[in-house]
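Here the structure is a predicted model, which means the values were calculated and not measured. The figures that follow rest on heavy atoms only: side chains count, while hydrogens, waters and symmetry mates do not. Indexing begins at 1, ligand by ligand and atom by atom, following the structure's order.
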Amino acid sequence: MQNIVIKGGARLSGEVRVSGSKNAALPILASSLLCSGRSIYRNVPALGDVRTMQRLLGDLGAKITTRPAGTTIVDTSTVDNVEAPYDLVKTMRASVVVLGPLTARHGRARVSLPGGCAIGARPIDQHLKGLAAMGAKIELAHGYVTTRARRLHGATIAFDMVTVTGTENLMMAAALADGHTTLENAAREPEVEELARVLNKMGARIRGAGTHLITIDGVEELHPVEHAIIPDRIEAGTLLVAAAVTRGNVLVRDCLLEHLEAVVAKLRAAGVDVTPEDGGLRVRAKADLKPVDISTQPFPGFPTDMQAQFMVLATRAKGQSVLIETIFENRFMHVPELQRMGADIQVEGRTVIVRGPTKLTGAQVMATDLRASASLVLAGLVAEGKTEVRRIYHLDRGYDRLDKKLRALGADVRRSKGGL
Ligand code: EPZ
């Protein structure tokens with residue numbers, strides 16, 4: 001297993017370019033299953049979950065070609081299998097987004113139930129409720145969900161809660177359904193909007209993506225597409241926080257302010273200077289950091305995927321910060337590790353109270369999930385001495401060489417072959 005070793009203390013400076021969005025790339029790669037032929041995707045991030053999705057598409061019979069500088073070509077003219085096996089889905093629950101496209105275009109799918117993960121149970125009942133409303137026969141057995149439908153038909157679907165991949169799965173299914181579909185209480189994340197943009201380029205007729213009400217008029221057929229993936233707003237936010245906690249001065253290129261309003265508002269409230277520059281954001285943190293209160297919400301609210309990173313910033317602030325995690329039931333796995341480094345954090349259910357500033361000291365810590373591992377790396381940047389983050393495969397699932405990016409900004413961070 002690989003570890004990341006960080007020697008704290010460096011103030012980050014310079015400039016860094018954000019990679020393509022993981023959470024946009026995954027559903028967009030899956031959308032290639034809605035047509036037959038060769039689609040070309042650019043600015044695809046080089047990270048674990050994307051490699052898993054490419055492997056899954058290959059298992060389904062597609063031909064995958066990757067080119068340098070982030071181009072992936074998917075030829076789905078040879079897709080002849082509709083089963084997403086357990087050993088792939090258990091490593092990446094987002095594999096569930098092949099369910100909609102396979103059911104819509106091939107009339108059936110057999111996908112391993114994703115099961116829970118470190119941050120929560122993460123059921124897919126909303127995905128299945130929507131597919132059933134569109135006429136799919138759903139069967140749950142042996143840990144798999146099987147769908148069958150001669151042809152899906154349009155439906156009006158109201159989500160019981162905002163679900164990003166649920167919205168994406170059903171938007172893709174509806175694109176080829178017979179008739180009109182309405183998705184109410186749909187997720188508004190930029191990645192949902194980006195997927196709709198790609199589907200419309202493929203010939204779909206989708207309106208309202210980015211709002212709570214999405215309407216889709218199904219078409220008979222979609223065609224292959226060429227598309228460049230939007231930048232990753234969560235990687236951008238993570239880099240902004242890294243610059244802030246190290247009191248650095250960094251230009252984060254290719255990050256879209258409209259995707260980061262809630263995060264930038266909280267950084268500014270903490271006393272961090274964030275200004276648009278050269279198609280990106282410049283972040284400077286000279287003064288002492290002030291405490292901030294955060295409650296994670298669906299977009300455009302403060303993203304749950306930035307909660308762990310902001311907890312590190314809260315340990316540097318003078319005073320008490322309250323962070324509430326409203327989306328997932330168990331997304332505080334980074335807390336015990338931050339406490340071992342000296343953070344003063346109290347957990348009350350889904351609320352965390354952080355008192356700062358506290359001196360963080362380097363330690364051997366264990367990554368548990370993607371964003372928790374990012375927060376441990378950020379803590380290592382400001383801790384006194386050496387921090388060794390183990391099980392770094394969690395980080396590599398969702399970030400495109402984050403350690404390399406931080407090193408280019410002056411951080412003392414390197415990989416090592418861990419003992420475990
Ligand atoms: C997406 O996960 C993201 N992943 C997550 O990012 C992100 O944290 C999450 O949205 C919330 O923004 C991808 O886009 C690949 P949800 P998703 O369905 O779609 C409950 C990261 O770090 N729910 O929006 O799986 C669910 O349990 C990852 O990049 C149901 O109960 O999340 C959760 O509590 C982590 N039934 C809430 O809704 C359902 O059928 C939101 O889940 C679906 C969801």
Which is closest to atom 43 (C) of ligand 1 by heavy-atom distance: Ala24, Pro123, Gly166?
-> Pro123
Between the side chains of [X] and [Y], does any donor sit under 3.5 Å from an acceptor?
| X | Y | value |
| --- | --- | --- |
| Gln297 | Ser295 | yes |
| Gln307 | His334 | yes |
| Glu194 | Ser21 | no |

If we set the cut-off at 4.0 Å for heavy atoms, which region of [X] has an atom near ligand 1: side chain, backbone, both, or neither?
| X | answer |
| --- | --- |
| Glu191 | neither |
| Glu168 | neither |
| Thr304 | side chain |
| Met161 | side chain |

Which protein non-hydrogen atom lies closest to [atom], naming both residue and atom, and how far is it?
| atom | value |
| --- | --- |
| atom 34 (O) of ligand 1 | Ile327 O, 2.7 Å |
| atom 1 (C) of ligand 1 | Val164 CB, 3.9 Å |
| atom 8 (O) of ligand 1 | Asp305 OD1, 2.6 Å |
| atom 2 (O) of ligand 1 | Arg122 NH2, 3.4 Å |
| atom 32 (O) of ligand 1 | Phe328 CZ, 4.0 Å |
| atom 3 (C) of ligand 1 | Asn23 ND2, 3.7 Å |
| atom 36 (N) of ligand 1 | Asp125 OD1, 2.8 Å |
| atom 17 (P) of ligand 1 | Thr165 OG1, 3.6 Å |

Side-chain heavy atoms of [X] within contact of [Y], under 4.5 Å:
| X | Y | result |
| --- | --- | --- |
| Leu170 | Gln126 | no |
| Val145 | Ile138 | yes |
| Ser19 | Arg401 | no |

Short side-chain to backbone donor-acceptor contact, Gln320 and Pro291, under 3.5 Å =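 Checking the backbone N and O of Pro291 against the side chain of Gln320, no donor-acceptor pair under 3.5 Å is found.
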Please answer whether the main-chain N or O of Leu176 pairs with a side-chain N or O of Arg151 as donor and acceptor at a distance below 3.5 Å.
-> yes
Taking everything shown except [X] itself, do over 12 heavy atoms lie less than 6.0 Å from its [atom1]?
| X | atom1 | answer |
| --- | --- | --- |
| Arg415 | CZ | yes |
| Arg407 | CZ | yes |
| Lys7 | NZ | no |

Taking only heavy atoms of [X], which atoms of ligand 1 are found under 4.0 Å from at least one of them?
| X | value |
| --- | --- |
| Arg331 | 8 (O), 22 (O), 35 (C) |
| Leu370 | 21 (C), 22 (O), 29 (O) |
| Val162 | 24 (O), 41 (C) |
| Ile124 | 39 (C), 40 (O) |
| Arg371 | 21 (C), 22 (O), 29 (O) |
| Lys22 | 21 (C), 29 (O) |
| Ala94 | 15 (C) |
| Arg93 | 25 (O) |

Is it true that the NZ or CZ of Arg350 lies under 6.0 Å from the centre of Phe328's six-membered ring and within 45 degrees of the ring axis?
-> no
Among Arg331, Glu325, Glu329, side chain to side chain contact (heavy atoms under 4.5 Å, CB included) partner for Ile327 |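 When side chain to side chain contact (heavy atoms under 4.5 Å, CB included) is applied between Ile327 and each of Arg331, Glu325, Glu329, only Glu325 qualifies.
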